[in-house]
Amino acid sequence: MSAATPPTQRAANRSLTLQLVGFAACAFGFGFALVPLYDVLCSVTGIGDQKLLLKANAAPLNPSGQSTTPKDGVAERWVTVEFIGQLPSVGNWQFKPVMSELRVHPGQLYEAFFIARNLTGHDTTAQAIPDISPGLASAFFHKTECFCFSPQSFRKDEERSLPVRFFVDKALPESVDRLTLSYTFYDDSTRAAASQARS
């Protein structure tokens with residue numbers, strides 16, 4: 001016959017069981033919380049928001065890059081979007097916008113292009129990091145398609161046109177009539193060196 005389980009062991013077992021049940025309940029609750037958290041993230045960044053994508057994709061582009069959606073009677077408003085391309089180091093890449101700025105109507109879909117050329121002397125991958133200024137405007141600038149969403153692989157000396165489709169939300173404050181979309185184009189080797197310097 002085995003000896004009876006000591007009281008301290010039974011208490012420890014009960015404590016562990018309660019902790020495991022609590023952990024499982026928290027994990028279950030967190031799974032439900034992910035959906036609203038994802039919706040909040042999408043609404044703030046404009047990335048992956050299905051409502052915005054459907055709204056934007058319903059407005060086809062004409063060759064000039066402007067949506068063909070008819071005006072809805074709202075007073076005509078123009079916002080100037082400036083484009084800037086930056087590199088963390090000189091000599092390994094060429095990276096610049098095709099046009100320096102574009103006047104847009106809030107609520108309509110537009111397309112702009114950046115040109116990138118790999119001068120590293122070897123095949124490589126790069127990632128563009130976007131920034132919107134003024135910061136107030138970032139919540140009202142929505143990209144429906146962008147080369148910044150994923151890393152871009154380039155062959156040695158390859159030059160490529162990189163598109164970004166976007167629209168400015170009609171709710172953009174009236175005080176903002178100009179905003180800047182800038183990208184910093186990082187080569188993988190540059191990012192690796194920066195990570196090592198931080199560690």
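Given the structure is predicted, the values throughout are model-derived calculations rather than measurements. The basis for the numbers below is simple: all heavy atoms, side chains too, and nothing from hydrogens, waters or symmetry mates.
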Inset, instruction - Please work out whether the ring planes of Y183 and F147 are parallel, tilted or perpendicular, with thresholds of 30° and 60°. - result: tilted
Inset, instruction - Indicate yes or no: at least one non-hydrogen side-chain atom of F83 is less than 4.5 angstrom from one of K96. - result: no
Inset, instruction - Check the surroundings of atom CZ in R178: do more than 12 heavy atoms from other residues, nucleotides or ligands lie under 6.0 Å from it? - result: yes
Inset, instruction - Drop me the distance from Q127's CD to S150's OG, to the nearest 0.5 angstrom. - result: 7.0 Å
Inset, instruction - Please report the closest heavy-atom contact between A139 and H142, naming both atoms and the distance. - result: O-CE1, 3.4 Å
Inset, instruction - May I have the step-by-step check of side chain to side chain contact (heavy atoms under 4.5 Å, CB included) for C148 and K143, ending in yes or no? - result: CA-CA 10 Å; C148 65; K143 296 183 289 292; 3.8 Å; yes
Legend entry - Side-chain heavy-atom pair K156, H122 within 4.5 angstrom cut-off: no
Inset, instruction - Check whether any side-chain heavy atom of C146 lies under 4.5 Å from a side-chain heavy atom of R165, and answer yes or no. - result: no
Legend entry - Heavy-atom closest contact (P130 atom, A128 atom, distance): CD-O, 3.7 Å
Inset, instruction - Please report the closest heavy-atom contact between Y110 and L102, naming both atoms and the distance. - result: CD2-CD2, 4.0 Å
Inset, instruction - Working to the nearest 0.5 Å, report the span between OG1 of T184 and CG of L87. - result: 8.5 Å
Inset, instruction - Specify the closest pair of heavy atoms between P163 and E145, including all atoms of both residues, with the distance to one decimal. - result: CG-OE2, 4.1 Å
Inset, instruction - State, yes or no, whether a side-chain contact exists between N92 and D187 at a heavy-atom distance under 4.5 Å. - result: no
Legend entry - Rounded distance [0.5 Å steps], CG in N13 versus CD in Q9: 4.5 Å
Legend entry - Min side-chain heavy-atom separation W93-T124 under 4.5 Å: yes
Inset, instruction - Return the minimal non-hydrogen interatomic distance between P173 and R77, and the atom names on each side. - result: O-NH2, 2.8 Å
Inset, instruction - Please answer: with hydrophobic residues joined when any side-chain heavy atoms are less than 4.5 Å apart, are M99 and V81 in the same cluster? - result: yes
Inset, instruction - State plainly whether one hydrophobic cluster holds both V98 and F166, where clusters connect Ile, Leu, Val, Met, Phe, Trp and Tyr through side-chain heavy atoms under 4.5 angstrom apart. - result: no
Inset, instruction - With the side chain counted from C-beta on, respond yes when L136 and V176 share a heavy-atom pair under 4.5 Å apart, and no when they do not. - result: yes
Legend entry - Close side-chain approach of F185 and L162, heavy atoms under 4.5 Å: yes
Inset, instruction - Kindly work out whether a path of hydrophobic side-chain contacts (I/L/V/M/F/W/Y, heavy atoms less than 4.5 Å apart) joins I129 to F113. - result: no
Legend entry - Euclidean distance, E158 CD relative to D123 CG, rounded to 0.5 Å: 8.5 Å
Inset, instruction - Determine whether D177 and T80 make a side-chain contact, defined as any pair of heavy atoms from C-beta on separated by less than 4.5 Å. - result: no
Legend entry - Inter-residue atom distance L119.CG - E159.CD, 0.5 Å rounding: 9.0 Å
Inset, instruction - Can you see which heavy atom on R160 is nearest to which on F154, and at what distance? - result: CB-CE2, 3.7 Å
Inset, instruction - Begin with the C-alpha distance, continue with both residues' side-chain angles, and end with the deciding distance and a verdict on side chain to side chain contact (heavy atoms under 4.5 Å, CB included) for L181 and F141. - result: CA-CA 9 Å; L181 171 63; F141 188 90; 3.9 Å; yes
Inset, instruction - Would you give the length of the straight line joining atom CD of E101 to atom CD1 of I84, rounded to the nearest 0.5 angstrom? - result: 10.5 Å
Inset, instruction - Verify the ring-centre separation between F95 and F114: is it less than 6.0 angstrom? - result: yes
Inset, instruction - Show the numbers, then the answer: is there a side chain to side chain contact (heavy atoms under 4.5 Å, CB included) between D157 and N118? - result: CA-CA 5 Å; D157 297 323; N118 175 14; over 6 Å; no
